[in-house]
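Every chain is numbered from 1, with letters handed out A, B, ... down the list of sequences. None of the values given here were measured: they were computed from a predicted structure.
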Amino acid sequence: MLDPKELRNNREALAGQLRRRGFELDTARYGELEERRRQLQMDTQALQNERNRQSRAIGQAKAAGEDIEPLLAEVAQLGERLGAANKALHAIQVELHRLQLEIPNVPHASVPDGADETDNIEIRRWGDQPTFDYAPRDHVELGALSREMDFEAGAKLATARFVVLRGRFAQLHRALTQLMLDLHTQEHGYEEVHVPYLVNPQTMQGTGQLPKFEEDLFRVAAENPLFLIPTAEVPVTNLVRECIVEADVLPLRFVCHTPCFRSEAGSYGKDTRGMIRLHQFDKVELVQVVRSEASYGALEELTSHAEKVLQLLGLPYRVVALCAGDMGFAAAKTYDLEVWLPGQQRYREISSCSNCEAFQARRMQARWRNPETGRPEPVHTLNGSGLAIGRCLVAVLENYQEADGRVRVPAALQPYLGGRVYLDD
RNA sequence: GGAGAGGUGGCUGAGUGGACGAAAGCACCCGACUUGAAAUCGGGCGAGCCCACGGGCUCCAAGGGUUCGAAUCCCUUCCUCUCCGCCA
């Protein structure tokens, strides 16, 4: 949610910034609604004030033992007018709020122009792409050699876009998770949290998945609906929902391993092969809650924390600044980390690190008390994958494969796999 | 799943129809006392919104209802706690 004050006083400027990401704000309609709301609110409050005064007078008269009847007659028709005014005000407030909830965040000034991923800007590269004297296999082929990556079993148990990992592959998956959690908790100062994988609609609204993107989510249970989380960002960021935190607890840094569930509506035919795009995947997520002036420093820091995982694993990657048109709904600025996949001969997203500024905080009413003013101010929230486990497993397999189909274990991972040098040792 | 008790400000907790946005205590902030601190004393101290800057409105889990008037009465939902049952 954007700042309602800005939306009131600075609408055209906001509309211009939102156009950068391809969102057209209907400023005329918004202005009209806002003006109607303002007028209705003033009218309603005047009526309420009148009602309160008369009710107080009745109370006093009664206490003094006076006759109340004439006062009651006076106030009689007020109730009806007030009821109608309240109803109209409430209706327009709901409409305005719904409108506000569907406006995406404004891109930061440093975000490059552009409409889609082709306009993203590469910021830096790390690592050397491995060379092979044969056509490198992709992870599906590598998995097929051992039958330990089983898409048919996934489809049998659930549907397409699910996988079953067994044996060494399941262990590799666990080792990657463990490595990341250890790194972020021991080296980067994050507190590990364990959270619900099902959340209520309010939580989904807090981070921006609802009301606009329900079709991307899996919904569970008919009455009192719950949704499977598409990312740990949702429950973890919402930890500060409806909180006013003291300045000295900031910054909050959380790391959280969860499965993520995505309906992948609208991605038919995309990445149908392999583990790149599944309905369920695991991820280690980083979340920071900071004071506003610290958030862009925190974005660089958080991104470097995610990069560190790839560096430890020796996986070549590049950092990309998303253009305005390619960013997610809640983000003001996003860096994607893209890992090199020899099987595809291209870089693929493995992490997305975003500063949401106060956008989510306003939806969540997450504030901190600024000691300088004594007033509550919205916090800034950031999140980033540190990293997506499934895609990381794919990257390890493809980058560390050898001609005979065996896969070496990156040095940093060996302690987590019993010291094995090859995955199948 | 059955029975009962509850949800009030950052926390504890009083309030069961009329001046209550809400006693008291804790915490916190300012001041006095003190070399400093503690203790003590005095004062302050929720959030959001509207405004003719005088004020006004809303919020006591959420949503409805009764009433001139609701934290207080009624209904629904959610949540917490205790006991029983069940279960990992």
Under the rule syn = chi within 90° of 0, otherwise anti, which is rG48(B)?
anti

Interatomic distance where CD belongs to Q202(A) and P belongs to rC79(B) [whole Å]
12 Å

Closest to the R51(A) side chain, choosing from rG18(B), rU58(B), rC50(B):
rU58(B)

Atom pair CZ/CD of R408(A) and Q414(A) - distance to nearest 0.5 Å:
9.0 Å

What is the separation between atom CG on L71(A) and atom P on rG18(B), rounded to the nearest whole Å?
18 Å

Before you tell me yes or no, could you show the steps for V195(A) and C256(A) under side chain to side chain contact (heavy atoms under 4.5 Å, CB included), namely the whole-Å CA-CA distance, both residues' side-chain angles and the distance that decides it to 0.1 Å?
CA-CA 8 Å; V195(A) 296; C256(A) 184; 3.7 Å; yes

rG17(B) - base-pair partner by Watson-Crick or wobble geometry, distances under 3.5 Å
none

Hey, mind stepping through N200(A) and T203(A) against side chain to side chain donor-acceptor pair (under 3.5 Å) and telling me if it holds?
CA-CA 6 Å; N200(A) 59 39; T203(A) 300; 3.0 Å; yes

Any strand counts, and the cut-off is 3.5 Å on both contacts for Watson-Crick or G-U wobble. Which nucleotide pairs with rU67(B)?
none

Parallel, tilted or perpendicular: ring planes of F162(A) versus H279(A), cut at 30 and 60 degrees:
tilted

Distance, P atom - from rA22(B) to rC57(B), rounded to whole angstrom:
13 Å

Pair partner, rC87(B) [Watson-Crick or wobble, under 3.5 Å]:
none

Reading RNA chain B from 5' onward, which residue's closest nucleotide shows up sooner: A46(A) or L72(A)?
A46(A)

Does OP1 or OP2 of rC57(B) have a side-chain N or O of N49(A) closer than 4.0 Å?
yes

Using the closest heavy atom to pick a nucleotide of RNA chain B for each, name whichever of E50(A) or V75(A) lands nearer the 5' end.
E50(A)

In Watson-Crick or G-U wobble terms, both distances under 3.5 Å, what is the partner of rC57(B)?
rG48(B)

OP1 or OP2 of rG56(B) under 4.0 Å from side-chain N/O of R53(A):
no

Are there any protein N/O atoms within less than 3.5 Å of an N/O atom in nucleotides 47-49 of chain B, and if so, which ones and at what distance?
residue : atom : partner : partner atom : Å
rA47(B) : OP1  : R369(A) : NH1          : 3.3
rA47(B) : O3'  : R367(A) : NH1          : 3.2
rA47(B) : O2'  : R367(A) : NH1          : 3.3
rC49(B) : O2'  : Q41(A)  : NE2          : 2.5

If only side-chain N and O atoms count, and only distance matters, is there a donor-acceptor pair under 3.5 Å linking N383(A) with S354(A)?
no

In terms of side-chain geometry, is the basic nitrogen of R348(A) or E398(A) positioned less than 4.0 Å from the acidic oxygen of its partner?
no

Among rG69(B), rC57(B), rC50(B), the one nearest any side-chain atom of M42(A) is rC50(B)

Pairing check on rU35(B): which nucleotide meets the Watson-Crick or G-U wobble criteria with it, both distances under 3.5 Å?
none

For a quick check of understanding: with a heavy-atom distance under 4.0 Å over all strands, which category does Q54(A) fall into, base, sugar-phosphate or nothing?
nothing

Rounded distance in Å - CG (D248(A)) to C1' (rA27(B))
13 Å

Kindly state each residue pair satisfying side-chain hydrogen bond (donor to acceptor under 3.5 Å, both in side chains) with at least one member in residues 26-38 of chain A, sequence neighbours excluded.
R8(A)-E34(A), E12(A)-T27(A), R29(A)-E95(A), Y30(A)-Q100(A), E34(A)-R37(A), E35(A)-R38(A), R37(A)-Q41(A)

For L82(A) and rU67(B), what is the distance between atoms CG and C1' respectively, to the nearest whole Å?
13 Å

Taking only the side-chain heavy atoms of N52(A) (C-beta and beyond), determine which of rC51(B), rC68(B), rC57(B) contains the nearest atom.
rC57(B)

Check the orientation of H184(A) and H188(A). Use parallel for under 30°, tilted for 30 to 60°, and perpendicular for over 60°.
tilted

d(CD, E242(A); C1', rG46(B)) in whole Å:
15 Å

Under 3.5 Å on both distances, the Watson-Crick or G-U partner of rG6(B):
rC79(B)

